[in-house]
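Any value given below was found using the heavy atoms of this structure, including those in side chains, with hydrogens, waters and symmetry copies removed. Lettering of chains follows the sequences in order, A, B, ..., and the numbering in each one begins at 1.
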There are 2 protein chains.
Amino acid sequence: MSSDRTRSAILAAAERLYADRGFGDVTLRDIVAEANVNLAAVNYHFGSKDELIAELFVTRSLATNRERLNELKAAEEKGGGHAPIDAILHALVGPTLRGCLGPDREGSTAARFMIRASIESVPPIRRIKNREVDHLRKFIAAMRRAMPGRDDADLYWGLHFALAMSHHTIREKERLTKLSEGRCDLNDVQAIIDRVVSVSVMALTGGETPAKKAPGKVVAREAR
Amino acid sequence: MSSDRTRSAILAAAERLYADRGFGDVTLRDIVAEANVNLAAVNYHFGSKDELIAELFVTRSLATNRERLNELKAAEEKGGGHAPIDAILHALVGPTLRGCLGPDREGSTAARFMIRASIESVPPIRRIKNREVDHLRKFIAAMRRAMPGRDDADLYWGLHFALAMSHHTIREKERLTKLSEGRCDLNDVQAIIDRVVSVSVMALTGGETPAKKAPGKVVAREAR
DNA sequence: GATAGTTTCATACAACTGTTTGAATTGCAA
DNA sequence: TTGCAATTCAAACAGTTGTATGAAACTATC
């Protein structure tokens with residue numbers, strides 16, 4: 001009963017500290033000091049440090065996945081069980097980008113924690129991410145319905161690139177700001193989402209299997 | 001003189017171990033055991049563990065950057081000081097992808113080390129990566145020459161997405177193979193490079209500032 | 001209000017970490 | 001060979017880490 005207070009104090013303190021200083025140099029002693037609880041409380045309530053981190057990540061991760069699937073479902077219902085490709089990709093990258101970017105989310109502990117998790121890749125989190133495959137397959141299935149003629153490999157590459165752009169933007173937002181000297185506006189989340197979706201759609205609809213024959217305007221270059 | 005043997009034995013052993021098991025759980029004691037040298041040798045020859053890691057990464061990193069610039073220069077000379085955009089992007093992502101992917105490079109210690117470095121992001125490596133901005137600016141400059149009318153922000157986004165796709169492919173190649181059940185061929189490096197370049201060029205030439213007005217075939221979706 | 005179960009606490013544990021030390025050894029020049 | 005520097009070595013250092021323990025405090029039920 002009253003143990004819930006301790007439990008959630010640990011969770012909150014851990015998320016805050018990990019978000020601010022990374023998984024690398026935050027110890028259990030830092031966490032319990034921040035949470036004003038005893039050191040042994042972590043192992044009592046969570047079993048181990050890794051399980052604490054896992055619970056932290058699973059919570060946020062499930063929320064994002066739920067949001068994604070809701071958006072996908074909404075788009076499919078709107079189109080009568082057949083969502084257009086840009087809506088599918090929007091459902092895929094929108095929640096992640098909205099959750100991690102933007103001026104309102106800037107101070108959000110959850111956002112900063114998820115950014116850390118996408119940068120540092122500590123074992124317990126990696127284990128969870130590896131189970132994300134089933135979730136992504138639902139988007140592949142939707143994409144297949146939206147582009148029936150398309151080669152399967154192209155769909156996988158398209159989804160892969162969409163995730164690449166959204167994750168890399170989250171992960172390297174500081175570097176991009178610095179490189180572009182502020183000319184890339186990392187606060188306009190909607191514009192970023194549109195841009196990522198737009199490029200992803202082009203990747204999927206641009207040329208037929210660009211890797212094999214490259215019939216588009218861009219010709220493959222010779223090696224070396 | 002003969003100390004060079006110790007020095008390079010440490011470098012080789014460290015690179016091998018880091019490549020295989022990651023920075024997280026390889027200790028100096030593991031390294032000196034693998035290299036058959038004394039524990040103190042690391043601090044004697046490199047000053048600290050972090051400086052050892054830094055030297056390891058700098059060496060490989062400089063080689064890649066040199067290769068990139070050579071390819072860029074070659075492309076510019078070929079075009080009379082004005083390389084086409086796809087050649088520029090090819091010079092940017094080619095060396096990295098070629099260095100980390102492909103069946104011949106599969107067993108390469110250097111490749112596996114660089115993949116680790118791109119996944120784990122340990123402090124000494126992060127510090128070095130932050131100095132990579134100047135290097136990237138040279139590619140922005142070349143891109144500006146190739147696409148004079150283009151808005152600067154679009155160029156930065158294009159370069160950013162090109163790096164996103166190439167790095168994410170390297171970092172998540174296992175996941176992509178698993179997700180696609182082998183339908184994405186991670187061994188055909190040339191095809192991957194062509195695909196990344198092709199999509200990047202589309203991102204740069206596709207629609208005029210797709211984020212602002214989205215005049216292309218893809219229309220921005222409403223929020224939420 | 002005694003009892004049983006849960007939660008907290010101070011403390012100890014055992015292992016591991018990167019780094020330092022100072023003596024021993026080696027290599028090379030004079 | 002002597003002398004001096006560079007290198008190697010075993011050992012210890014000083015600190016940190018996550019986890020375990022067993023007693024104490026609390027809570028709720030009968």
Just compare [options] and give me whichever is closest to any side-chain atom of [X].
{"X": "Tyr44(B)", "options": "dT19(C), dT7(D), dC9(C)", "result": "dT7(D)"}
{"X": "Thr6(A)", "options": "dT11(C), dT17(C), dT8(C)", "result": "dT8(C)"}
{"X": "Ala40(B)", "options": "dA10(D), dT8(C), dA12(D)", "result": "dA10(D)"}
{"X": "Lys49(B)", "options": "dT20(C), dT8(D), dT19(C)", "result": "dT19(C)"}

In this structure, how many angstroms lie between the [atom2] atom of [N] and the [atom1] atom of [X], rounded?
{"X": "Phe46(A)", "N": "dA20(D)", "atom1": "CZ", "atom2": "P", "answer": "16 Å"}
{"X": "Ile53(B)", "N": "dT17(C)", "atom1": "CD1", "atom2": "P", "answer": "13 Å"}
{"X": "Asp25(B)", "N": "dG18(C)", "atom1": "CG", "atom2": "C1'", "answer": "16 Å"}
{"X": "Asn36(A)", "N": "dA10(C)", "atom1": "CG", "atom2": "C1'", "answer": "16 Å"}
{"X": "Asn43(B)", "N": "dT20(C)", "atom1": "CG", "atom2": "P", "answer": "6 Å"}
{"X": "Leu28(B)", "N": "dT20(C)", "atom1": "CG", "atom2": "P", "answer": "12 Å"}
{"X": "Leu39(B)", "N": "dT17(C)", "atom1": "CG", "atom2": "C1'", "answer": "10 Å"}
{"X": "Asp4(B)", "N": "dA6(D)", "atom1": "CG", "atom2": "P", "answer": "14 Å"}

### Side chain to side chain, Val197(A) and Val201(A), heavy atoms closer than 4.5 Å
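A side-chain contact under 4.5 Å exists here.
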
### Message
Are the side chains of Glu15(A) and Arg112(A) in contact, using a 4.5 Å heavy-atom criterion?
### Response
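No, side chains not in contact.
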
Looking only at side chains, do [X] and [Y] share a donor and an acceptor under 3.5 Å apart?
{"X": "Thr177(B)", "Y": "Glu174(B)", "result": "no"}
{"X": "His160(A)", "Y": "Thr169(B)", "result": "yes"}
{"X": "Arg171(A)", "Y": "Ser121(B)", "result": "no"}

### Along DNA chain C (nearest heavy atom to each residue), the more 5'-positioned of Asp30(B) and Arg29(A)
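Result of the comparison: Arg29(A).
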
### Task
Check whether any side-chain nitrogen or oxygen of His45(A) sits under 4.0 Å from OP1 or OP2 of dT8(C), and answer yes or no.
yes

### Task
Verify the contact: side-chain N or O of Asn38(B) to OP1 or OP2 of dA10(D), cut-off strictly under 4.0 Å; return yes or no.
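Yes, Asn38(B) has a side-chain N/O under 4.0 Å of OP1/OP2 on dA10(D).
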
